[in-house]
A.B. asks: 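My questions will all concern the structure given below.
The residues of the chain are indexed from 1 along the displayed sequence.
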Amino acid sequence: MVKSSKSALGIIFPNSYDALVPELVNVRLMASIPFASRYRLIDFVLSSMTHCNIDNISVMVNNNYHSLMDHLDSGREWDLVRKNGGLHIFPPFAEKESKPYVGRVSAIASILDFLRDQKEKYVVITDTNLAVNFDFNAMIKAHIESGADVTAAYNQQELPESLLKSTSNDLGYYYTFDIEDGRIKNIFVNMREKGVQNYSMNIFVVERELLIDLINTAFVRGEQYFERDVLLPQLNILNVQAYKYDGYVARISDLKSYFDENMKLLDDYNLDALFSGPPIYTKIRDDNPTRYIEGAKVQNVMVADGCVIEGEVENSVLFRGVKVAKGAKVKNSILMQGSVIEAGASVEYLVADKNVTIRAGKEMKGTDSFPVYIGKFRVV
């Protein structure tokens with residue numbers, strides 16, 4: 001059956017902001033960073049798309065994508081195992097002449113033949129550095145009603161301190177908008193101004209045929225970035241509309257923001273704001289419920305299944321299979337899957353990656369402004 005001309009397909013870029021969190025992407029990419037005790041960052045945009053009947057989704061991976069492929073598998077958890085459409089993962093070396101992508105232009109250019117063969121009228125483009133329960137249907141509706149060529153989502157917030165302090169563009173490009181009567185009049189690249197800004201969420205809606213034309217022209221010219229090289233020079237030609245998003249946004253811009261955004265979810269108000277919409281799906285892992293052994297003390301925590309807690313845990317986020325032994329103390333910390341805090345150990349303001357072990361009697365303490373990070377499989 002031919003899809004409706006008003007349907008949309010999705011393109012997700014999971015590597016775009018890896019440089020912001022080098023500690024966390026050493027063995028993975030931004031999209032597969034664990035978040036909120038049981039999820040990966042890609043789960044949020046992927047679930048949001050499927051809830052909006054966007055069931056033809058392409059993931060443009062660049063490097064370090066094995067963990068993401070393991071997480072997504074066939075896409076069954078998101079109901080993306082389909083004869084038509086479904087989940088497509090495009091690696092950078094799909095063709096002999098292909099190279100790792102620098103920006104969205106070369107990435108999309110590598111799948112132009114695929115895009116030409118699709119039936120959907122619109123394309124939704126997004127990154128994965130946001131945890132957000134996004135209504136793409138509302139944005140597509142606004143795009144159609146405004147008669148826009150391109151619609152770009154934004155929220156109003158202050159720019160992260162880590163970006164304002166950066167002295168180079170090594171962390172990648174971020175964008176803010178000058179908006180007049182709903183239309184984007186200017187796009188500022190890596191602005192350093194303080195105060196609340198119209199901060200791009202890097203979510204776009206564009207007609208598929210127009211996107212093909214824009215990317216084809218830009219690629220021939222050697223251009224790389226969709227916002228900087230394609231949209232910005234043509235703002236007086238293209239009708240680029242702004243779509244304001246007022247919902248909850250957890251934006252990851254460095255290790256500190258990753259820590260803070262997880263900690264915010266210990267507040268029920270923020271937790272409800274992020275998860276009160278349609279459910280967020282993730283890879284299913286059957287495990288026992290968390291066990292709280294007699295003598296355990298737990299206060300204000302987010303805990304996934306499979307954990308065993310005998311010691312004290314306070315103001316912390318624990319992922320699957322974490323073990324806190326008797327006499328151990330965990331406070332203001334994030335412990336990823338399989339981490340072990342042995343008897344008598346004490347940790348505070350710690351981000352422990354997967355399968356980290358803190359030996360008996362050891363003490364690890366960071367600060368609120370500088371949490372300590374321990375890499376995957378480390379034994380301390």
A.B. asks: Say whether Tyr175 and Asn202, considering side chains only, have a donor N or O and an acceptor N or O under 3.5 Å apart.
C.D. replies: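 No, Asn202 and Tyr175 have no side-chain donor paired with an acceptor closer than 3.5 Å.
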
A.B. asks: Under 6.0 Å between ring centres: does that hold for Tyr245 and Phe134?
C.D. replies: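 Between Phe134 and Tyr245, which both carry aromatic rings, the centre distance is below 6.0 Å.
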
A.B. asks: Please say whether more than 12 non-hydrogen atoms of neighbouring residues, nucleotides or ligands are located less than 6.0 Å from CZ in Phe370.
C.D. replies: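 Open.
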
A.B. asks: Do Thr50 and Asp79 have side-chain N/O donor and acceptor atoms under 3.5 Å apart?
C.D. replies: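 Asp79 and Thr50 do not have a side-chain donor-acceptor pair below 3.5 Å.
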
A.B. asks: Are more than 12 heavy atoms, taken from residues, nucleotides or ligands other than Asp117, located less than 6.0 Å from that residue's CG atom?
C.D. replies: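 Yes.
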
A.B. asks: Centres of the Phe259 and Tyr373 rings: under 6.0 Å?
C.D. replies: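 Centroid distance Phe259-Tyr373: not below 6.0 Å, so no.
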
A.B. asks: Do Phe136 and His51 have ring centres separated by under 6.0 Å?
C.D. replies: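 No, ring centres 6.0 Å or more apart.
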
A.B. asks: Looking only at side chains, do Asn56 and Gln118 share a donor and an acceptor under 3.5 Å apart?
C.D. replies: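 On atom types as modelled, these side chains qualify, holding a pair under 3.5 Å.
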
A.B. asks: Would you sort out whether Gln299 and Asn315 count as a side chain to side chain donor-acceptor pair (under 3.5 Å), showing the intermediate values?
C.D. replies: CA-CA 6 Å; Gln299 181 179 352; Asn315 297 331; 5.9 Å; no

A.B. asks: Centroid separation under 6.0 Å, is that true for the rings of Tyr243 and His143?
C.D. replies: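 No, too far apart.
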
A.B. asks: Could you verify whether a donor N or O on one side chain and an acceptor N or O on the other, from Gln337 and Asn355, lie under 3.5 Å apart?
C.D. replies: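 Not at all, the side chains of Gln337 and Asn355 share no donor-acceptor pair under 3.5 Å.
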
A.B. asks: Would Ser316 and Ser333 count as a side chain to side chain donor-acceptor pair (under 3.5 Å) if you check the C-alpha gap in whole Å, the side-chain angles of each, and the deciding distance to 0.1 Å?
C.D. replies: CA-CA 5 Å; Ser316 296; Ser333 295; 4.7 Å; no

A.B. asks: Does a sphere of radius 6.0 Å around CZ in Arg192 hold more than 12 heavy atoms from other residues, nucleotides or ligands, not counting ones at 6.0 Å or beyond?
C.D. replies: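 Enclosed: over 12 neighbouring heavy atoms sit under 6.0 Å from CZ of Arg192.
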
A.B. asks: With sequence neighbours left out, what residues match Tyr39 under ring pair (Phe, Tyr, Trp, His ring centres under 6.0 Å)?
C.D. replies: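 With neighbours one apart ignored, the set is Phe44, Phe275.
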
A.B. asks: Please test Ser257 against Asp260 for side chain to side chain donor-acceptor pair (under 3.5 Å), starting from the C-alpha separation and ending with a verdict.
C.D. replies: CA-CA 5 Å; Ser257 67; Asp260 290 343; over 6 Å; no

A.B. asks: Does the ring of Tyr173 carry Arg228 above it, NZ/CZ under 6.0 angstrom from centre and within 45° of its axis?
C.D. replies: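 Yes, a cation-pi geometry holds between Arg228 and Tyr173.
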
A.B. asks: Decide if atom CZ of Arg285 counts as having more than 12 heavy atoms of other residues, nucleotides or ligands within a radius under 6.0 Å.
C.D. replies: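 Yes, because the 6.0 Å sphere around CZ of Arg285 holds more than 12 heavy atoms from other groups.
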
A.B. asks: Answer yes if the side chains of Asn239 and Gln241 hold a donor-acceptor pair under 3.5 Å, and no otherwise.
C.D. replies: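 Gln241 and Asn239 do have a side-chain donor-acceptor pair below 3.5 Å.
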
A.B. asks: Go through Asn216 and Asp213 one step at a time and tell me if the side chain to side chain donor-acceptor pair (under 3.5 Å) criterion holds.
C.D. replies: CA-CA 5 Å; Asn216 193 49; Asp213 290 341; over 6 Å; no

A.B. asks: When you check the side-chain N and O atoms of His88 and Ser58, is any donor under 3.5 Å from an acceptor?
C.D. replies: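 Looking only at side-chain atoms, Ser58 and His88 do not form any donor-acceptor pair under 3.5 Å.
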
A.B. asks: Side chains of residues 321-329: which donor-acceptor partners sit under 3.5 Å, not counting sequence neighbours?
C.D. replies:
none

A.B. asks: Could you tell me if Arg251 sits above the aromatic ring of Tyr199, with its cationic atom closer than 6.0 Å to the ring centre and no more than 45 degrees from the axis?
C.D. replies: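 Cation-pi check for Arg251 and Tyr199: passes.
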
A.B. asks: For Asp305 and Arg320, what are the C-alpha separation, side-chain angles and deciding distance, and is it a salt bridge (charged side-chain N to carboxylate O under 4.0 Å, His left out)?
C.D. replies: CA-CA 5 Å; Asp305 52 1; Arg320 292 164 169 160; 3.5 Å; yes

A.B. asks: Evaluate Arg104 against Asp127 for salt bridge (charged side-chain N to carboxylate O under 4.0 Å, His left out), listing each step before the verdict.
C.D. replies: CA-CA 10 Å; Arg104 284 197 179 99; Asp127 292 325; 2.8 Å; yes

A.B. asks: Do other residues, nucleotides or ligands put more than 12 heavy atoms under 6.0 Å from the CZ atom of Arg82?
C.D. replies: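 Buried by this count: over 12 neighbours within 6.0 Å.
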
A.B. asks: Check Ile12, Asp55, Leu9, Leu80 against Met49 for a side-chain contact (heavy atoms from CB on, under 4.5 Å) and give me the one that passes.
C.D. replies: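 Passing option: Ile12.
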
